[in-house]
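The structure appears below as structure tokens.
Keep in mind that what you see is a predicted model, and the values were worked out from it rather than measured.
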Amino acid sequence: QVVSENYANPITCLFHVLFKASALAFYILFSLFVKSFVIIFVITVLLAALDFWVVKNVSGRILVGLRWWNEIDDDGNSVWKFECLDGESLARMNKKDSWLFWWTLYLNAAAWIILGIFSLIRLEADYLLVVGVCLTLSLANIVGFTKCNKDAKKNIRAFAENAAQNAITSRITSSLQSAFGI
């Protein structure tokens, strides 16, 4: 009997999706029915910024075990910093949580791109500004988590190689000990 895997963190998944959906829904609905650009700009960008923060600092850690940030060093260079769980913990992450995290991250950016195309077609440069800010926040998370994921995969590979090496060494040691009665 196959047991379907459930979400390990349903509340985090809900808020991960809710903030993305709220920014998109507010922008779409209010630009159709309300003609106050200032209200649409402020609230949509505020919701997108909340989404950026939640993804970067909460749902990224909980759903996929990753965290990233960017610092400026003493020489004025931009330095990317990545943090991830250890290899064993990353391997145990819930697949549904991970799937939801990555798909909503990319679909959100795709939705903002489509809305940007509509703003271009309608020649609404002011609404294109809102879309541009929201898309920039979304793409920043995509770039950060993609780089962090590549770094995490290197860590998982190193963990697996180290575990295999330790297992082989342990096996050889125990074989030698039993052979020589040590």
Would you confirm whether the ring centroid of Phe101 sits within less than 6.0 angstrom of the ring centroid of Phe145?
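So the answer is yes for these two rings.
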
Same cluster (ILVMFWY, side-chain, under 4.5 Å), [X] and [Y]:
| X | Y | result |
| --- | --- | --- |
| Leu128 | Val38 | no |
| Tyr106 | Trp68 | yes |
| Leu63 | Trp69 | no |

By the definition side-chain hydrogen bond (donor to acceptor under 3.5 Å, both in side chains), identify the one residue from Thr104, Asp51, Asn108 that meets it with Lys20.
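The residue from Thr104, Asp51, Asn108 that satisfies side-chain hydrogen bond (donor to acceptor under 3.5 Å, both in side chains) with Lys20 turns out to be Asp51.
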
If you measure from [atom1] on [X] to [atom2] on [Y], what distance do you get to the nearest 0.5 Å?
| X | Y | atom1 | atom2 | value |
| --- | --- | --- | --- | --- |
| Asn141 | Thr136 | CG | OG1 | 12.0 Å |
| Leu139 | Leu135 | CG | CG | 4.0 Å |
| Trp102 | Leu107 | CH2 | CG | 13.5 Å |

Identify the two heavy atoms, one from Val34 and one from Tyr127, that lie closest to each other, and give their separation to 0.1 Å.
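Residues Val34 and Tyr127, closest heavy atoms: O-OH, 4.4 Å.
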
Is it true that, when you exclude Ile39 itself, more than 12 heavy atoms of the residues, nucleotides or ligands shown sit nearer than 6.0 Å to its CD1?
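No.
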
So with a 6.0 Å cut-off around CG of Leu32, is the heavy-atom count from everything else above 12?
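Yes, CG of Leu32 has more than 12 neighbouring heavy atoms, counting only those of other groups under 6.0 Å.
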
If we ignore hydrogens and angles and just use 3.5 Å, is the side chain of Asp73 paired with the main-chain N or O of Asp75 as donor and acceptor?
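Indeed, once roles are kept as given, a pair shorter than 3.5 Å links the two residues.
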
Going by the angle between their ring planes, with limits at 30° and 60°, are Trp103 and Trp99 parallel, tilted or perpendicular?
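Answer is tilted, since the angle falls between 30° and 60°.
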
Going by side-chain hydrogen bond (donor to acceptor under 3.5 Å, both in side chains), name the pairs with one or both residues in residues 27-45, residues two or more places apart or in two chains.
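Listed by first then second residue: Tyr27-Ser119.
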
Go through Val55 and His16 one step at a time and tell me if the side chain to side chain contact (heavy atoms under 4.5 Å, CB included) criterion holds.
CA-CA 7 Å; Val55 170; His16 178 75; 3.6 Å; yes

With sequence neighbours excluded, tell me which residues meet side chain to side chain contact (heavy atoms under 4.5 Å, CB included) with Ile114.
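Checked Ile114 against side chain to side chain contact (heavy atoms under 4.5 Å, CB included); matches are Phe118.
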
Heavy-atom side-chain proximity of Val64 to Asp97 below 4.5 angstrom
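A side-chain contact is absent here, since even the closest heavy-atom pair is not under 4.5 Å.
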
Trace of the side chain to side chain contact (heavy atoms under 4.5 Å, CB included) decision for Leu100 with Val17
CA-CA 9 Å; Leu100 178 88; Val17 173; 3.9 Å; yes

